[in-house]
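Here the structure comes first, spelled out in structure tokens, and everything after it is commentary.
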Number of protein chains: 2
Amino acid sequence: MADLTTPEAQISEDPAEAGIRSETREVLLDAAERLFARVGIERASLRAITREAGANLASVHYHFGSKDALIQAVFARRLGPINRERVELLTRLQEEAGSEAVPLHDILFAFVEPVMRMLRHRDPAEARAAHELARLVVQALNDPEGPAREIVLREFHEVKERFLAALARALPDLPREDLFWRFHFMVGAMAHTASSSYMVAQLSDGLCDACDVDGMTERLVAFVAAGLQGPSVEVRR
Amino acid sequence: MADLTTPEAQISEDPAEAGIRSETREVLLDAAERLFARVGIERASLRAITREAGANLASVHYHFGSKDALIQAVFARRLGPINRERVELLTRLQEEAGSEAVPLHDILFAFVEPVMRMLRHRDPAEARAAHELARLVVQALNDPEGPAREIVLREFHEVKERFLAALARALPDLPREDLFWRFHFMVGAMAHTASSSYMVAQLSDGLCDACDVDGMTERLVAFVAAGLQGPSVEVRR
DNA sequence: GTCTATAGGTGGATAGAC
DNA sequence: GTCTATCCACCTATAGAC
């Protein structure tokens, strides 16, 4: 992160080697991610990770400083691009809309698309890895003592603010209190879908196809849109 | 579980002692639950649990056989009653409805009420414990190698089947494929709400009150009901 | 930057006295 | 049923040679 001098840059001049991109740091991140998905973050020992990476046990401490820092790096590497893209998509929509509010459906789509694109990956192994990453994020979010929770929340912060503002404009008649609650319900539905969509396949005995990411996305957006637009309830206090 | 002989029964004749219910087994379960919530399941060592319980390290192995068995017992003890009550509430609704379909709102309410009742506990410490239990359940569900996942799924199985059937009757025009997907979205919204409702308070800068469990429940049910009843999307394959 | 060796600690489990 | 003492596997982290 603070690696501004990039002392490795002068080494790999070989074009073939540059194509393979097998720098230890990256290989370690890949291996860690794979193992986190397979056995869980806590249970993935540095010994197992470095073995998987074909690297030395001490290399993790050289490149990251600690296991916790490695964990954080794994999450930051994935979540950064996704959340940046969410914000960029929304920005583009707002530019197109000019002084109008962005349509609800478009906002929701911009929110889920960057995640769903990962799940839709052509390579089944990559798609599976994406599902497991989503699962890891939910796991991290529900582990208050875990080292990844903070990263996930920080990476999500700007997304949350921007999309809440956009939703407030798209749903001008919805009381702010309802907006916050419904945003929360929406995040829950989406997180559970991204992390456990395979469950729908077994729940429906194969009728629903979790690999049909586009269909899943459309259904999810439709469900959430209907929920957001529903009537406000009278809440007696 | 297979404790049919109950060899302890002959011991505590004292009425005062019976009221306190301080049998080691139960004390261990309480202590474990408390520690799981505080530091996470994996990070709660048997040493810390038995210290918290005022019991001996070896007592866990005597009463449960292993740490994994203790973990499973903690979850089973809580989830059993909740899920049994969900089913009972639904059964009662169906008896009242006779040959009619149970109204959607009532079905949803029966689904969430037993969970929300825990969160609404008068004692703030108990209410907090309930939130953390919900968080533990979500955590367990997202940890494929964890010993609690299987228990959670097994305890939920009958609930799932019963409520899916009831929803199918309440929403006769909804294609089955949509029903499965929307049920999944619903579970996600509810799980995230039960486990992380405190986030809404900080998200809304205090405007939303996560302690107002009744208001939260009504909003959640309204959101999900609107989502379930929304129009089916045309999905191109 | 990589690797070996090892320090220093904690974990779950169990044998056997009481 | 309870408790002590102990086994042994495994972990992260680091020092220091190359």
Side-chain angles (χ1 to χ4, degrees), chain A residues 2-14 17-18 20-29 31-32 35-36 38-74 145-148, chain B residues 2-14 17 20-29 31-32 35-36 38-74 143 145-148:
Chain A
D3 197 4
L4 299 173
T5 51
T6 59
E8 318 87 328
Q10 57 192 10
I11 298 175
S12 62
E13 312 281 76
D14 186 348
E17 201 177 314
I20 297 171
R21 283 284 306 159
S22 66
E23 282 170 29
T24 304
R25 204 190 130 89
E26 221 63 23
V27 177
L28 283 172
L29 286 171
L35 244 78
F36 290 168
R38 204 179 306 151
V39 304
I41 298 172
E42 302 287 329
R43 271 181 292 268
S45 68
L46 293 185
R47 283 177 166 80
I49 292 169
T50 48
R51 198 185 318 128
E52 171 98 10
N56 188 273
L57 173 58
S59 59
V60 170
H61 290 91
Y62 178 80
H63 286 283
F64 299 95
S66 70
K67 182 180 176 180
D68 278 7
L70 168 65
I71 294 169
Q72 290 166 3
V74 167
E145 295 291 310
Chain B
D3 197 4
L4 298 172
T5 51
T6 60
E8 317 88 328
Q10 58 193 10
I11 297 175
S12 61
E13 311 283 76
D14 186 350
E17 200 177 315
I20 298 170
R21 281 287 305 159
S22 66
E23 282 169 30
T24 303
R25 205 190 131 89
E26 221 64 23
V27 177
L28 283 171
L29 287 171
L35 244 78
F36 290 168
R38 203 178 307 151
V39 304
I41 299 172
E42 302 286 330
R43 270 180 292 268
S45 68
L46 292 185
R47 284 175 169 80
I49 292 168
T50 48
R51 199 185 318 128
E52 169 98 10
N56 189 273
L57 172 59
S59 60
V60 169
H61 290 93
Y62 177 79
H63 286 284
F64 299 95
S66 70
K67 182 180 178 181
D68 278 7
L70 169 65
I71 294 169
Q72 289 165 4
V74 167
D143 182 6
E145 294 292 307

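Letters A, B, ... are given to chains in the order of the sequence lines, protein chains preceding strands, and every chain is numbered from 1. Just so you know, these numbers come straight off a predicted model, no measurement behind them.
- Of the candidates dA15(D), dT2(D), dG11(C), dT2(D) carries the atom nearest the His63(B) side chain, counting heavy atoms from C-beta on.
- The side chain of His61(A) lies closest to dA13(D) when the candidates are dA15(C), dA13(D), dT6(D).
- Summarising the geometry, the separation between CZ on Phe64(A) and P on dT14(D) is reported as 16 Å, rounded to the nearest angstrom.
- Within the 4.5 Å cutoff, the side chain of Ile41(B) has no heavy atoms near those of the Val74(B) side chain.
- Two residues are said to be in side-chain contact when any heavy atoms from C-beta on lie closer than 4.5 Å; Asp143(B) and Glu42(B) meet this criterion.
- Of the two residues near DNA chain C, Lys67(B) and Ser59(A), the one whose nearest nucleotide lies more 5' is Ser59(A).
- Rounding to whole angstrom units, CG of residue Leu46(B) and P of dG12(C) are separated by 4 Å.
- When the C1' atom of dG1(D) is taken as reference, atom CG of Leu28(B) falls 12 Å away, rounded to whole Å.
- Here dA13(C) is the nucleotide among dA13(C), dT2(D), dA13(D) with the atom lying nearest to any side-chain atom of Ser66(B).
- Rounding to the nearest 0.5 Å gives a distance of 12.0 Å between CG of Leu29(B) and CD1 of Ile71(B).
- Separating the CD atom of Glu26(B) from the P atom of dG1(D) is a distance of 13 Å, rounded to the nearest angstrom.
- Considering only side-chain N and O atoms, Asn56(B) lies nowhere under 4.0 angstrom from the phosphate OP1 or OP2 of dG1(D).
- Nearest-nucleotide positions on DNA chain D place Ala48(A) closer to the 5' end than the other of Ala48(A) and Gly65(A).
- Ranking dA15(D), dA13(C), dA15(C) by closeness to the Ala58(A) side chain, first place goes to dA15(D).
- The CD atom of Glu52(A) sits 9.0 Å away from atom CD1 of Ile49(A), with the distance rounded to the nearest 0.5 Å.
- Looking only at side-chain heavy atoms (C-beta outward), Tyr62(A) and Thr24(A) stay at 4.5 Å or farther from each other.
- The rotation axes computed at either terminus of the helix from dG1(C)-dC18(D) to dC18(C)-dG1(D) lie 0° apart, taking five pairs at each end and rounding to 10 degrees.
- Side-chain contact between Asn56(A) and Thr50(A) is absent, with no heavy-atom pair separated by less than 4.5 Å.
- When distances are taken from the side chain of Ser45(B) to each of dG12(C), dA13(D), dT4(D), the shortest belongs to dG12(C).
- Distance Arg47(B) CZ to dG9(C) P: 15 Å, rounded to the nearest Å.
- Between the Lys67(B) side chain and the Ser45(B) main chain, no donor and acceptor come within less than 3.5 Å of each other.
- Both Leu57(A) and Tyr62(A) lie near DNA chain C, and the one whose nearest nucleotide falls closer to the 5' end is Tyr62(A).
- Taking atom CZ of Arg43(A) as the reference point, atom C1' of dG11(C) lies 14 Å away to the nearest angstrom.
- Atom CG in Leu70(B) sits about 15 Å away from atom P in dG11(C), given to the nearest Å.
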